[in-house]
2 protein chains.
Amino acid sequence: MRPAMPSDSDTATLAETFRLLGDPTRLRILFFCLEAPRSVGDIAESLQLSQSLVSHHLRLLRGARLVRGNRLAKQIFYELSDRHVSGMLADMAHHVNEEN
Amino acid sequence: MRPAMPSDSDTATLAETFRLLGDPTRLRILFFCLEAPRSVGDIAESLQLSQSLVSHHLRLLRGARLVRGNRLAKQIFYELSDRHVSGMLADMAHHVNEEN
DNA sequence: AAAACATATGAATATGTATTTATATGTTTG
DNA sequence: CAAACATATAAATACATATTCATATGTTTT
């Protein structure tokens, strides 16, 4: 039996994850951190975003445990913390542009 | 080489898809139509939503080609039209609840 | 301990969007 | 062709949220 419909509660949980992935700025941050752990400053500079904006988005991603930060000296390096989401993002990026 | 970061344009496209998946009501509709093609009325009744609301959401999903409708007599049956998204949704539903 | 640095937080604002209510469109059956 | 039916659209509203600007927190150097 392949398609078992998730409960409303599980669906809500998933929707919350997708909602967070659904903002272009956040998604850019995630893809950038998918390649390697990145400091907040690096993210801001590389993606041409204000430090504040990056920090705000990271907070949301942290709150959903999509991302985790490790301090190294002065900087905090963020990386993706959910394997399924990481894999799914890589897969989606790989298949984008395919006409169904 | 596994992780190739998508272009900003592709990232925006993906974000738009995720944004649409990021609403609980829409996601419930999608999971319901993932099991089998469903008429608008069936969706509304089964998920306890107004016909108007269902129609509005279906319009957005149609606009992004995530869903496609086929008319059969009086009713229009909607089904998912993107294989990758369908597979990804099934996979996500399967792995939800796992503590990474 | 003070200064410098990197990151986080708060308030304000502007824009987006989900839902409802009312009505329209279009297909089908009598 | 008219009546009935299923779906779609429009306008209004209430709420969420992305971004900016200003400032705070906390860690690390000197």
Side-chain angles (χ1 to χ4, degrees), chain A residues 8 11-33 36-81, chain B residues 8 11-33 36-81:
Chain A
D8 285 5
T11 303
T13 302
L14 280 176
E16 171 64 12
T17 297
F18 288 133
R19 189 182 64 81
L20 288 166
L21 305 180
D23 177 81
T25 301
R26 259 190 315 261
L27 199 55
R28 289 213 298 148
I29 293 174
L30 284 172
F31 276 119
F32 188 61
C33 296
R38 311 281 195 181
S39 74
V40 177
D42 189 8
I43 298 170
E45 183 175 292
S46 298
L47 303 185
Q48 299 266 65
L49 304 168
S50 77
Q51 179 268 318
S52 174
L53 183 55
V54 172
S55 208
H56 277 294
H57 282 305
L58 286 173
R59 174 141 91 130
L60 295 174
L61 296 170
R62 236 188 299 126
R65 304 197 176 280
L66 290 176
V67 114
R68 146 190 61 200
N70 297 310
R71 173 150 236 142
L72 272 180
K74 293 185 183 175
Q75 295 159 332
I76 300 180
F77 289 80
Y78 281 92
E79 63 187 330
L80 296 235
S81 63
Chain B
D8 284 6
T11 303
T13 302
L14 279 176
E16 171 64 11
T17 296
F18 287 133
R19 191 182 63 79
L20 288 166
L21 304 180
D23 177 80
T25 301
R26 257 187 320 257
L27 199 55
R28 290 212 299 148
I29 292 174
L30 284 171
F31 276 119
F32 188 60
C33 295
R38 310 281 195 182
S39 74
V40 178
D42 189 8
I43 298 170
E45 184 176 292
S46 297
L47 304 184
Q48 299 266 64
L49 304 167
S50 77
Q51 178 268 316
S52 174
L53 182 56
V54 172
S55 208
H56 276 296
H57 282 306
L58 286 173
R59 174 140 92 130
L60 295 175
L61 296 170
R62 236 187 300 127
R65 304 198 175 280
L66 290 176
V67 113
R68 147 189 61 199
N70 297 311
R71 173 151 235 142
L72 271 181
K74 292 185 183 173
Q75 294 160 332
I76 300 180
F77 290 80
Y78 281 91
E79 63 188 330
L80 297 236
S81 63

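In the text below, chain A, chain B and the rest are named by the order of the sequence lines, each starting its count at 1. For clarity, every value in this text was computed on a predicted model and none was experimentally measured.
- Note: CG (B:Leu21) to P (C:dA18) measures 12 Å, nearest angstrom.
- The listed nucleotides are C:dA6, D:dT17, D:dA22; the one nearest the side chain of A:Gln75 is C:dA6.
- Atom pair A:Asp23:CG and C:dT15:C1' shows a separation of 13 Å (rounding to whole Å applied).
- Taking only side-chain nitrogens and oxygens, A:Tyr78 comes nearer than 4.0 Å to OP1 or OP2 of C:dA8.
- Using a 4.0 Å cutoff on non-hydrogen atoms, the parts of residues 55-64 of chain A near DNA chain D are A:His56, A:His57, A:Leu60, ordered by number.
- Side chains of B:Arg68 and B:Arg62 form no contact here, defined as non-hydrogen atoms less than 4.5 Å apart.
- Residue B:Phe77 is classed as having no contact, given no heavy-atom separation below 4.0 Å to the nucleic acid.
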Under 3.5 Å, N/O pairs linking protein and nucleotides 24-29 of chain D:
none

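- Salt-bridge check for B:Arg19 with A:Asp23: failed, with every basic side-chain N at 4.0 Å or more from each acidic carboxylate O.
- Taking the ring axis of A:Phe32 as reference, the NZ or CZ atom of A:Arg38 stays within 45° of it and closer than 6.0 Å to the ring centre.
- Distance CZ (A:Arg28) to P (D:dA18): 15 Å, rounded to an integer number of Å.
- Put simply, CG on A:Leu53 is 12 Å from C1' on D:dT17, counting in whole angstrom units.
- As rounded to whole Å, 9 Å separates atom P of D:dT19 from atom CD1 of A:Ile29.
- Here D:dA6 presents its P atom at 18 Å from CG of B:Asn70, a figure rounded to the nearest Å.
- Rounded to an integer number of Å, the gap from CG of B:Leu20 to C1' of C:dG16 is 13 Å.
- In this structure, the side chain of A:Ser55 does not engage the main chain of A:Gln51 through any donor-acceptor pair within 3.5 Å.
- Judged by distance alone with a 3.5 Å cut-off, no donor-acceptor contact links the side chain of B:Gln51 to the base of D:dA6.
- Put simply, CZ on A:Arg19 is 12 Å from C1' on C:dT17, counting in whole angstrom units.
- Within a 6.0 Å sphere centred on CD of B:Glu45, other residues, nucleotides and ligands contribute 12 heavy atoms or fewer.
- In the interface, the side chain of A:Ser52 is paired with the base of D:dC21 through a donor and an acceptor atom under 3.5 Å apart.
- Within 6.0 Å of CZ in A:Arg65 there are 12 or fewer heavy atoms belonging to other residues, nucleotides or ligands.
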